[in-house]
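Below is one structure; the comments refer to it alone.
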2 protein chains.
Amino acid sequence: MEIMFPGLDADAHRRIAAVIRYPIQVDPGEHLVRSGDRFHDLYSVHDGVFKAYVDDANGREHVWGFNVQGELMGLHAITTGHYQANFVALEPSRVAAIPYSQLFTLFDQIPPLFDFLMRAASGRLGILERLSGDHAAQVRMAAFLVSLPRRFQPLAHAPDTFRLPMSRRDVANYLRLVPETVSRMFSRFVRDGLIRVDGQDVTLLKLARLEEIGKPLGEL
Amino acid sequence: MEIMFPGLDADAHRRIAAVIRYPIQVDPGEHLVRSGDRFHDLYSVHDGVFKAYVDDANGREHVWGFNVQGELMGLHAITTGHYQANFVALEPSRVAAIPYSQLFTLFDQIPPLFDFLMRAASGRLGILERLSGDHAAQVRMAAFLVSLPRRFQPLAHAPDTFRLPMSRRDVANYLRLVPETVSRMFSRFVRDGLIRVDGQDVTLLKLARLEEIGKPLGEL
DNA sequence: CGATTGGTTGACTCCAGTCAAGTGCGGTGG
DNA sequence: CCACCGCACTTGACTGGAGTCAACCAATCG
């Protein structure tokens with residue numbers, strides 16, 4: 001459980017446990033939330049992977065992000081009262097549902113909780129401000145790849161080797177590219193000896209060089 | 001004062017007034033915050049206009065946003081402890097500095113304050129998720145223009161006529177375009193009878209049509 | 001007045017998108 | 001066991017929309 005709210009101690013986790021619903025199991029391909037659903041809960045991912053996405057007018061999918069262990073989903077829905085995106089599991093996953101209206105009652109008992117929530121929102125803001133800039137395809141790809149070691153630890157089966165839990169199409173829709181371009185970037189990075197690719201498995205061979213390329217975008 | 005924290009009542013404003021520093025006057029062209037400065041305060045704009053921007057590696061400016069009356073600045077800095085952007089005034093402006101560390105102490109006295117802050121962060125998240133999508137130049141321009149009536153009310157000198165407080169270059173850097181493209185879009189919209197332009201003054205002639213064009217992006 | 005600055009317009013380029021064909025892997029069933 | 005199918009991915013040829021470069025214009029300011 002500790003791992004669900006990084007930075008909060010065991011006592012805080014115990015107190016939070018009293019108000020959340022956990023575990024909620026979600027199978028791959030199953031939706032936790034549909035766009036337009038009424039907002040009641042924030043969700044914290046315990047394990048597995050989720051994809052947040054919207055379908056735009058011309059039928060294309062905009063992937064808002066991927067969420068793994070310890071990350072919060074649903075912050076964007078507070079203002080409007082409705083989720084604006086779909087959350088679908090890409091792996092067998094477990095989440096905790098945190099009733100937003102009950103968070104207030106915990107502030108007295110858990111002083112760092114407010115800061116935890118603001119940090120979660122704040123961190124995402126920083127990422128989005130940068131991701132919304134215009135960056136070359138290879139910059140986007142490189143920044144995405146270097147973010148994997150930090151976030152997708154549970155999917156690593158060797159240092160710097162990860163199984164991508166999402167399709168090329170999902171990656172493309174997250175980075176605002178088309179699958180063909182993602183494919184070309186993979187090919188280019190392989191040709192240049194920066195990565196090794198074997199189906200869903202990706203190995204980062206020259207992390208420093210990738211960081212260099214992805215620098216304009218920073219951490220995703 | 002009420003107008004600084006939209007949604008909070010007079011009593012809440014009085015209590016907040018006890019912890020904030022106000023007014024802080026900022027002249028046009030003067031910086032309130034520099035990128036890298038240590039984060040202590042959130043800023044609420046009382047009047048005037050601010051531009052938040054960063055300079056990227058190749059010397060180009062990324063405008064993160066424009067902030068007017070009642071809007072909060074600095075939320076992105078909570079996680080890192082440092083502001084990641086510069087805040088510069090475009091008009092004679094006044095802001096309030098809100099010490100982040102003291103906000104906690106107000107939650108008991110002002111129950112809706114937490115929700116107010118989360119909504120501010122949440123609303124911005126929604127905008128950014130959408131703005132980070134890939135949209136045609138004319139979609140970006142149209143969405144930007146239709147957002148003016150709602151946000152830049154104080155700069156209107158007739159219904160649907162506004163003085164843009166920022167340069168074409170600033171608009172371009174906000175919408176991830178180049179000034180030439182912004183110029184071309186203005187020209188096209190004028191040719192199509194959607195807007196009238198006179199220097200910094202813009203009149204929206206066919207709001208419905210502009211909303212239609214900007215729909216994929218939604219509200220900015 | 002000239003010099004500077006912000007904005008507009010036109011000609012050209014280039015990167016990523018589009019369209020289409022080809023490849024390879026996993027699953028199914030004969 | 002293998003032939004077939006479907007789907008995800010890859011690769012190549014072409015296109016188009018926004019960026020680049022450059023010239024021009026208008027307003028402002030010494």
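All heavy atoms count here, side chains included; hydrogens, waters and symmetry mates do not. Treat the numbers as computed from the prediction; the structure is a model and nothing was measured.
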Output the rounded distance in Å from [atom1] ([X]) to [atom2] ([N]).
X: A:D198; N: D:dA8; atom1: CG; atom2: P; result: 18 Å
X: B:L175; N: D:dG19; atom1: CG; atom2: C1'; result: 15 Å
X: A:R169; N: D:dC9; atom1: CZ; atom2: P; result: 9 Å
X: A:M185; N: C:dC15; atom1: CE; atom2: P; result: 10 Å
X: B:D134; N: C:dG17; atom1: CG; atom2: P; result: 7 Å
X: B:N173; N: D:dG19; atom1: CG; atom2: C1'; result: 13 Å
X: A:M141; N: D:dC9; atom1: CE; atom2: P; result: 12 Å
X: A:R188; N: C:dA16; atom1: CZ; atom2: P; result: 7 Å

Whether [X] contacts [N] is assessed here as follows: a side-chain N or O lying under 4.0 Å from the phosphate OP1 or OP2. Is that the case?
X: B:R191; N: C:dT8; answer: no
X: B:R168; N: C:dT8; answer: yes
X: A:T181; N: C:dA16; answer: no

[X] side chain: which of [options] is closest?
X: B:S187; options: D:dC9, C:dT9, C:dG17; value: C:dT9
X: B:S183; options: C:dT18, C:dT8, D:dT20; value: C:dT8
X: B:Q200; options: C:dG7, D:dC9, C:dG10; value: C:dG7
X: A:A137; options: D:dG19, C:dA16, D:dT10; value: C:dA16
X: A:S167; options: D:dT20, D:dC9, C:dT18; value: D:dC9
X: B:E180; options: D:dG19, C:dT18, D:dA22; value: D:dA22
X: A:R184; options: C:dG10, C:dG17, D:dA18; value: C:dG17

message: With nearest nucleotide decided by heavy atoms, which residue, B:P179 or A:R176, maps closer to the 5′ end of DNA chain C?
response: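 Mapping each residue to its closest nucleotide by heavy atoms, the 5'-most match is B:P179.
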
Between [X] and [Y], is there a side-chain N and carboxylate O pair less than 4.0 Å apart?
X: B:R163; Y: B:D201; value: no
X: A:K51; Y: A:E91; value: no
X: A:R60; Y: A:D55; value: no
X: A:R209; Y: A:D192; value: no

Between A:Y100 and A:H40, ring centroids under 6.0 Å: no

- request: Could you check whether B:R140 gets within reach of a base, just the sugar-phosphate, or nothing at all, counting any heavy atom under 4.0 Å?
  value: nothing

